[in-house]
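Notes follow once the structure below has been shown.
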Number of protein chains: 2
Amino acid sequence: MSLDAVLSRIDTDLTTSIDRLMEFLRIPSISTDPAFKENVDKAADWLVDDLKSIGINAEKRETPGHPMVVGHVGEGSEGPHVLFYGHYDVQPVDPLELWNREPFDPALEDTAHGQVIRGRGSSDDKGQLMTFVEACRAWKAVHGSLPCRITFFFEGEEESGSPSLVPFLEANKAELQADLALVCDTSMVSRGVPSIASQLRGMLKDEFTIIGPRIDLHSGHYGGPGLNPLRELSRIVASFYDEDTGRVAVDGFYEGVHEVPAEQLRQWQNCGFDEAEYLNSVGYSEPHGEKGYSTLEQQWARPTLEVNGLWGGYNGAGSKTVIPSEAHCKITCRLVGDMDPDALRNRIRKHVEDRLSSDAKVVWDNDLEGSPASVMNLNRPEFEAARGALSDEWDREAVFTGMGGSIPVVGYFNSVLGLDSMLVGYANDDDAIHSPNEKYDVKSFHKGIRSWARILDALTRK
Amino acid sequence: MSLDAVLSRIDTDLTTSIDRLMEFLRIPSISTDPAFKENVDKAADWLVDDLKSIGINAEKRETPGHPMVVGHVGEGSEGPHVLFYGHYDVQPVDPLELWNREPFDPALEDTAHGQVIRGRGSSDDKGQLMTFVEACRAWKAVHGSLPCRITFFFEGEEESGSPSLVPFLEANKAELQADLALVCDTSMVSRGVPSIASQLRGMLKDEFTIIGPRIDLHSGHYGGPGLNPLRELSRIVASFYDEDTGRVAVDGFYEGVHEVPAEQLRQWQNCGFDEAEYLNSVGYSEPHGEKGYSTLEQQWARPTLEVNGLWGGYNGAGSKTVIPSEAHCKITCRLVGDMDPDALRNRIRKHVEDRLSSDAKVVWDNDLEGSPASVMNLNRPEFEAARGALSDEWDREAVFTGMGGSIPVVGYFNSVLGLDSMLVGYANDDDAIHSPNEKYDVKSFHKGIRSWARILDALTRK
């Protein structure tokens with residue numbers, strides 16, 4: 001009964017909830033680019049004010065990087081104590097010319113799959129985190145208070161490696177204690193199929209520069225005898241892979257990788273994942289990962305070594321007959337099982353260094369971090385409760401899925417706070433997060449809010 | 001006698017000649033970047049005014065691209081009629097951060113090898129073309145007229161593929177007729193060794209984009225199944241080369257390439273080329289070209305496939321977990337012997353297309369041109385005359401050398417105007433042309449001017 005009142009309040013307030021999100025999306029809180037620091041800060045202030053507007057005792061907490069937003073409500077109330085996590089920073093927008101509208105001028109658009117909210121951050125993660133905030137707002141409006149004690153914890157560095165996260169958790173262990181962390185930064189395995197992520201891939205980032213000649217050279221004067229770092233880089237990047245098997249060819253790369261249990265594979269085969277839609281939507285006719293593994297395994301349960309950026313020489317208008325002095329490469333690895341980020345970093349660096357030509361040097365960026373993969377504790381009763389709540393909302397059996405992405409905070413909640421996490425998200429694979437024209441389905445936003453209301457109800461039902 | 005007067009006038013006027021060059025160098029006439037169009041035009045106007053100041057009937061000629069500068073003097077005078085060619089456009093300046101001063105704020109600097117003029121274009125080609133202009137100025141000052149009929153022909157598109165050159169030559173055949181073309185855009189085989197280039201490599205330019213997914217993808221959602229065009233590009237670029245032999249592995253690449261005759265090799269071995277200096281000055285301990293060929297052969301007589309630019313994905317601050325939609329590559333080939341640019345372009349494109357993965361596409365830039373290699377007609381008496389004049393000026397036997405660079409205009413003078421060319425230049429390999437901190441030795445400038453005076457004298461001596 002009381003839940004129904006909250007749900008209909010959510011329906012009534014949807015338009016204003018969307019307007020609120022639009023306001024949030026207009027703040028270009030790109031955390032990885034120092035030029036946007038002020039805007040990241042502005043987004044934190046916006047969140048603090050919004051939490052306060054529903055009676056949450058929230059404040060901005062400075063860090064050496066971007067601020068955290070922490071809020072508390074319901075101290076002393078009985079029942080479970082949940083910590084809700086989301087991030088208010090967003091990805092860069094380049095290549096800007098591929099956007100159909102200003103990334104930070106969001107709008108509603110009609111698409112083949114219904115109405116969407118278009119704009120950077122609409123899905124990752126502002127839209128998703130607001131589903132929980134709006135659920136709390138409706139609950140408060142109907143009942144005058146929230147159903148249990150909730151700690152809100154919002155980060156502004158998720159898209160730039162969370163440098164301040166662990167120190168902040170360490171320094172605020174006591175304040176951030178809770179029974180369970182709820183995280184809304186994941187997607188549904190397929191449109192309309194409610195999903196709870198049961199495992200996440202870890203992440204390793206690295207960057208290197210190959211240096212050839214002392215200065216840029218003229219390819220007429222030195223073309224032939226001259227070592228070209230772009231050729232050197234191409235050869236070394238190519239050597240990362242075994243094209244016959246599709247596997248990464250770095251020695252020891254697969255150490256700590258485990259095969260997926262047959263039972264779990266069976267579940268995944270029946271979880272509603274639409275392989276054709278997943279591949280075709282971005283222009284693929286087949287999966288391009290390790291041979292012998294299904295698309296879902298390649299995405300959820302197999303590690304990768306991905307080149308995210310490659311550059312050197314002249315890329316302006318026209319042509320330039322140059323042999324550049326430097327060639328640059330940014331890579332990330334997705335980790336699974338017990339892969340150790342630090343050991344892997346050393347293996348990759350050795351792979352590169354072992355293959356350098358005479359007269360070539362490599363310089364590494366030592367400011368990039370790594371985090372291991374994580375597996376959720378599905379034995380906790382909250383998972384079954386949430387699965388029921390989600391199944392009710394979406395009229396479809398909710399499923400436990402793997403996830404190809406990395407949410408390092410989950411590992412840190414566990415290692416630093418001793419806190420288990422439950423990941424529920426409503427994004428779709430076609431949301432184009434980290435890409436031009438990012439969007440969030442209005443249906444995801446609306447039913448996402450309703451889902452959280454149902455989950456809060458299920459977790460606190462007497 | 002009369003030559004001596006000209007030579008001493010050149011010595012007396014050196015400072016003002018340098019000042020004039022500085023003024024010319026301050027005009028940022030980068031032809032490959034449309035943003036600099038006005039400045040290229042300004043440089044043409046500067047040249048016209050300067051030629052007029054020594055009584056040459058000069059004017060700027062518009063083209064669909066950057067203008068040509070054409071000047072005439074001595075019509076009706078007896079003796080030979082020479083056409084002097086140089087280019088007043090310059091290379092881009094990136095990477096700007098590696099310059100020790102503003103590229104277009106030239107200055108004199110003292111170095112281990114004596115005083116130099118530092119700035120973009122100081123050597124390639126403004127400084128070199130002014131050696132001839134200053135020689136004419138001194139001659140005119142001493143004798144009141146020039147020693148023979150001279151046509152001046154200056155181009156503003158040499159660093160951007162000379163798109164307007166051939167149409168302009170075609171349209172002005174009659175006006176540009178002469179007995180011999182003199183070109184000053186080459187370097188000395190070694191510091192202080194006067195050189196006449198007897199063969200030039202040709203050039204083929206191409207650019208392609210490899211397209212993978214329809215949009216940039218998130219490496220968490222698609223890392224594994226996703227085809228990454230940066231990986232694709234690296235694999236294909238690596239496949240251009242046979243690392244064991246150092247040869248280009250494109251099928252049929254070496255068609256039309258001839259071995260250097262033993263006699264010529266002997267000459268090259270004794271031409272004063274300092275291999276150690278050439279390699280060490282840019283940080284190489286050994287030549288990196290085709291095994292079994294000397295450094296000079298690799299530079300002058302062997303073809304290359306060079307990657308001049310490679311880019312795709314994220315190259316900003318921090319990290320971005322993206323699988324980009326596109327990867328880009330700019331290449332140039334240096335051609336020798338009878339290599340056919342058009343046939344080679346097709347072979348290279350086929351090499352790339354044959355190696356594309358399923359779901360990958362390639363798009364080619366069809367606006368880039370090619371020009372074959374050229375060999376000078378050393379049987380003409382002017383070559384011996386010039387060799388004598390250069391030997392006198394530099395107190396060192398002048399040599400006929402090969403050249404690794406490409407000067408397409410030489411081929412077009414021959415094919416369109418039926419005109420032989422003689423290439424004499426005073427640049428040094430450490431001039432860093434096309435690189436940050438380009439310079440021109442004051443000695444090159446000074447003795448270059450004197451050399452042209454001696455050559456004009458030798459060509460016109462009764």
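Keep in mind that what you see is a predicted model, and the values were worked out from it rather than measured. Throughout, a chain's letter reflects where its sequence line sits, starting with A, and its residues are numbered from 1.
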Where on [X] is there a heavy atom nearer than 4.5 Å to chain A: the side chain, the backbone, both, or neither?
X	answer
B/Thr32	both
B/Pro34	side chain
B/Met203	side chain
B/Ser406	neither
B/Phe240	neither

Tell me, for [X] versus chain B, whether the close heavy atoms (under 4.5 Å) come from the side chain, the backbone, both or neither.
X	answer
A/Ser219	both
A/Leu98	neither
A/Gln299	both
A/Ser435	both

Please identify, among [options], the residue contributing the most non-hydrogen atom pairs under 4.5 Å to chain B.
options	result
A/Gln298, A/Glu290, A/Arg302	A/Gln298
A/Asn228, A/Thr295, A/Asp429, A/Leu296	A/Asn228
A/Leu310, A/Leu368, A/Asn437	A/Leu310
A/Leu227, A/Asp365, A/Val237	A/Leu227

Tell me if a side-chain donor or acceptor on B/Arg214 pairs with a main-chain N or O of A/Ser281 at a distance below 3.5 Å.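 Checking the backbone N and O of A/Ser281 against the side chain of B/Arg214, a donor-acceptor pair under 3.5 Å is found.
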
Indicate yes or no for a side-chain donor-acceptor contact from B/Asp359 to the backbone of A/Ser285 under 3.5 Å, with no hydrogens or angles considered. yes

Taking atom CD of B/Glu306 and atom CG of A/Leu217, what is their separation to the nearest 0.5 Å? 9.5 Å

Between CG of A/Asn308 and CG of B/Leu230, what distance do you get to the nearest 0.5 Å?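 Rounded to the nearest 0.5 Å, the CG-CG separation comes out at 8.0 Å.
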
Any heavy-atom pair between the side chains of [Y] and [X] that's under 4.5 Å?
X	Y	answer
A/Tyr284	B/Pro213	yes
A/Ser234	B/Leu233	no
A/Pro225	B/His288	no

Check B/Tyr278 against A/Tyr222 and note the closest heavy-atom contact, atom names and distance. O-OH, 2.6 Å

Specify the closest pair of heavy atoms between A/Thr304 and B/Gly224, including all atoms of both residues, with the distance to one decimal. CG2-N, 3.5 Å

Any pair counted as salt bridge (Lys or Arg N to Asp or Glu O under 4.0 Å), so long as it reaches residues 221-232 of chain A, sequence neighbours left out: A/Arg231-B/Glu243, A/Glu232-A/Arg235

Picking from [options], which has the most non-hydrogen pairs under 4.5 angstrom with chain A?
options	answer
B/Gly404, B/Pro436, B/Pro95	B/Gly404
B/Met403, B/Glu159, B/Glu207, B/Glu286	B/Glu286
B/Gly283, B/Pro92, B/Ser357, B/Ser160	B/Pro92

Applying a criterion of heavy atom separation less than 4.5 Å, what residues of residues 326-334 of chain A form contacts with chain B?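 Interface residues of residues 326-334 of chain A: A/Lys330, A/Thr332, A/Arg334.
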
Return the set of residues passing ring pair (Phe, Tyr, Trp, His ring centres under 6.0 Å) with B/Tyr293 (not counting sequence neighbours), or none when no residue passes.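 By the ring pair (Phe, Tyr, Trp, His ring centres under 6.0 Å) rule, B/Tyr293 matches no residue at all.
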
Listed pairs under 3.5 Å, donor-acceptor, residues 317-324 of chain B side chains, sequence neighbours left out:
{"from": "B/Lys320", "atom 1": "NZ", "to": "A/Asp94", "atom 2": "O", "distance (Å)": "3.0"}
{"from": "B/Thr321", "atom 1": "OG1", "to": "A/His434", "atom 2": "ND1", "distance (Å)": "3.1"}

